[in-house]
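Starting off with a structure, shown below.
Note that the numbering runs from 1 along the sequence shown for the chain.
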Amino acid sequence: MTSPHDRYGSDVLSGDWRVPKRGRSTETEATVGLVVEEITTDWCGEVVGIDRDLRTVTLEDRRNKRRTFPLGPGFLIDGKPVVLVPPVTIAAPAAKTRTASGSIAVQGAKARVARASRIFVEGRHDAELVEKVWGDDLRIEGVVVEFLGGVDDLSEALRDFKPGPQRKVGVLVDHLVPGSKESKIAQAVQRGPHGAHVLIVGHPFIDVWEAVKPERIGKTAWPKVPRHLEWKKGVCQQFGWPHRDQADIARAWQFILSKVDSFADLDPALLGRVEELIDFVTT
């Protein structure tokens, strides 16, 4: 039976194993893990254990004898000197316990088949914001959110949808304040033939952008935009953001949306209204 020295020849370290042999090439760092099959010193064997706290490695030779050494220099892998360091452990991300809306998260649940009932919002930005904060809840409940081109399209959309006892519609409207155009349209719909199966609620903001707390985007308040200016362009102008065309407005919105992680980033005036709509179309 050959000895470790016979087997590995000049590649086997001699003397104090903690001291690398002179004349060898620069040591390279390696991570000890299951991928390392064999480490050679003047006592050779396979890695069978690592203690991160003690910073030691345990080797087992071909006779099933074990020895423990401090991690560090003085080892060979495939005849090449290495420095052994503890393996890096990456903790698995913790499972979410709450959704972005603050509801209890349901782990592993599949999206429910879509209900006949719907939620309508005024525009794409409204839909994207609702999806980001309430998306998990809506999928569990099977609620689809559709966006209109604007509140002016609401009556036509309801005629096409044909609301009923099992096909209810919740509508989120911007700037729903007394005397506004939006409030007059909402009142007309509620008096109409579909009113019993439609719930229209809204927030006081001119646009859903304002529902995001201004400090989330590094501002103290949303600006007052003169009525003769298109509101979103006026906001970008006063904040010093590009506002020449619709592409600039879209980039501004994506920046704002990126700062929203949960319901805590939104004004309560919007939170309550969305929850009210979800309750209406799911009961």
Do Lys65 and Glu60 meet the salt-bridge criterion of a basic N to acidic O distance under 4.0 Å?
-> no
Any donor-acceptor N/O pair, Arg62 side chain to Gly45 backbone, under 3.5 Å = no
Check Phe120 against Ala157 and note the closest heavy-atom contact, atom names and distance.
-> CE1-CB, 4.0 Å
Criterion side-chain contact (heavy atoms from CB on, under 4.5 Å) on Ile217 and Phe255, from CA distance to verdict | CA-CA 8 Å; Ile217 60 172; Phe255 167 74; 3.9 Å; yes
Evaluate the side-chain proximity of Ile200 to Gln187: yes if any heavy-atom separation is below 4.5 Å, no if none is.
-> no
Over 12 non-hydrogen atoms of neighbours within 6.0 angstrom of CD in Glu215 | yes
Answer yes or no: is there a side-chain heavy-atom contact under 4.5 Å between Leu59 and Asp61?
-> no
Hydrophobic cluster identity match, Val133 and Leu172, side-chain contacts under 4.5 Å = yes
Residues Asp265 and Lys213 bridged, charged N to O under 4.0 Å = no
Transitive ILVMFWY side-chain link Leu138 to Val208, under 4.5 Å | yes
Is it true that a side-chain atom of Gln254 and a backbone atom of Ala250 form a donor plus acceptor pair closer than 3.5 Å?
-> no
When rounded to the nearest 0.5 angstrom, what distance separates CG in Leu84 from CZ in Phe75?
-> 5.0 Å
Between CD on residue Gln190 and OG on residue Ser183, distance to nearest 0.5 Å | 12.0 Å
Indicate if Leu277 and Leu176 have the same hydrophobic cluster label, given that clusters are the connected sets of ILVMFWY residues with side-chain heavy-atom separations under 4.5 angstrom.
-> no
Is Leu154 close to Val171 at the side-chain level, that is, under 4.5 Å between some pair of heavy atoms?
-> yes
Got Val212 and Leu270 here, is their nearest side-chain heavy-atom distance under 4.5 Å?
-> no
Considering non-hydrogen atoms only, spot the tightest contact between Cys236 and Ala252 and give its length.
-> SG-CB, 3.6 Å
May I ask you to check whether Phe205 and Trp222 place their ring centres under 6.0 Å from each other?
-> no
May I ask you to decide if Val260's main-chain N or O and Lys132's side chain share a donor-acceptor pair within less than 3.5 Å?
-> yes
CZ-CD1 distance between Arg273 and Ile278, expressed to the nearest 0.5 angstrom = 12.5 Å
Are Trp241 and Ile249 in one and the same hydrophobic cluster, where Ile, Leu, Val, Met, Phe, Trp and Tyr link if side-chain heavy atoms are under 4.5 Å apart?
-> yes
Are Val225 and Phe239 joined in one hydrophobic group, where the rule is that I, L, V, M, F, W and Y side chains link up if heavy atoms are under 4.5 Å apart?
-> yes
Can you find a heavy atom in the side chain of Arg167 that is under 4.5 Å from one in the side chain of His197?
-> no
Pairing of Glu131 and Arg139 as salt bridge, 4.0 angstrom limit | yes
Which pair of non-hydrogen atoms, one from Pro163 and one from Leu158, has the smallest distance, and what is that distance?
-> CD-O, 3.3 Å
Rounded to the nearest 0.5 angstrom, the NZ-CD distance for Lys219 and Gln238 is 10.5 Å
When you check the side-chain N and O atoms of Thr56 and Asp51, is any donor under 3.5 Å from an acceptor?
-> no
Taking the side chain from Asp248 and the backbone from Arg251, do they hold a donor-acceptor pair closer than 3.5 Å?
-> no
Please lay out, stage by stage, how His243 and Lys232 fare under the test side chain to side chain donor-acceptor pair (under 3.5 Å).
-> CA-CA 8 Å; His243 56 279; Lys232 291 175 182 175; over 6 Å; no
Which distance, rounded to the nearest 0.5 Å, do you find between the CG of Leu199 and the OG of Ser117?
-> 11.5 Å
For the pair Trp209 and Trp231, name the ring-plane relationship: parallel under 30°, tilted 30 to 60°, perpendicular over 60°.
-> perpendicular
So, is the end of the Arg118 side chain (NZ or CZ) under 6.0 Å from the ring centre of Phe161 and within 45° of the ring's axis?
-> no
Mark yes or no for whether Glu230, through its side chain, and Lys233, through its backbone, hold a donor-acceptor pair below 3.5 Å.
-> yes
Heavy-atom side-chain proximity of Ile119 to Val144 below 4.5 angstrom | no
Spacing of OG1 belonging to Thr99 relative to CG belonging to Asp137, to within rounding of 0.5 Å = 4.0 Å
Counting only heavy atoms not in Lys184, do more than 12 fall under 6.0 Å of its NZ?
-> no
Do the non-hydrogen side-chain atoms of Asp136 and Ile140 ever get within less than 4.5 Å of each other?
-> no
Will you find, in the side chains of His175 and Lys181, an N or O donor that is under 3.5 Å from an N or O acceptor?
-> no
If only atom types and distance count, is the side chain of Glu122 paired as donor or acceptor with the main-chain N or O of Leu148 below 3.5 Å?
-> no
Indicate the atoms forming the closest heavy-atom contact of Glu182 with Asp174, along with that distance.
-> CG-O, 3.2 Å
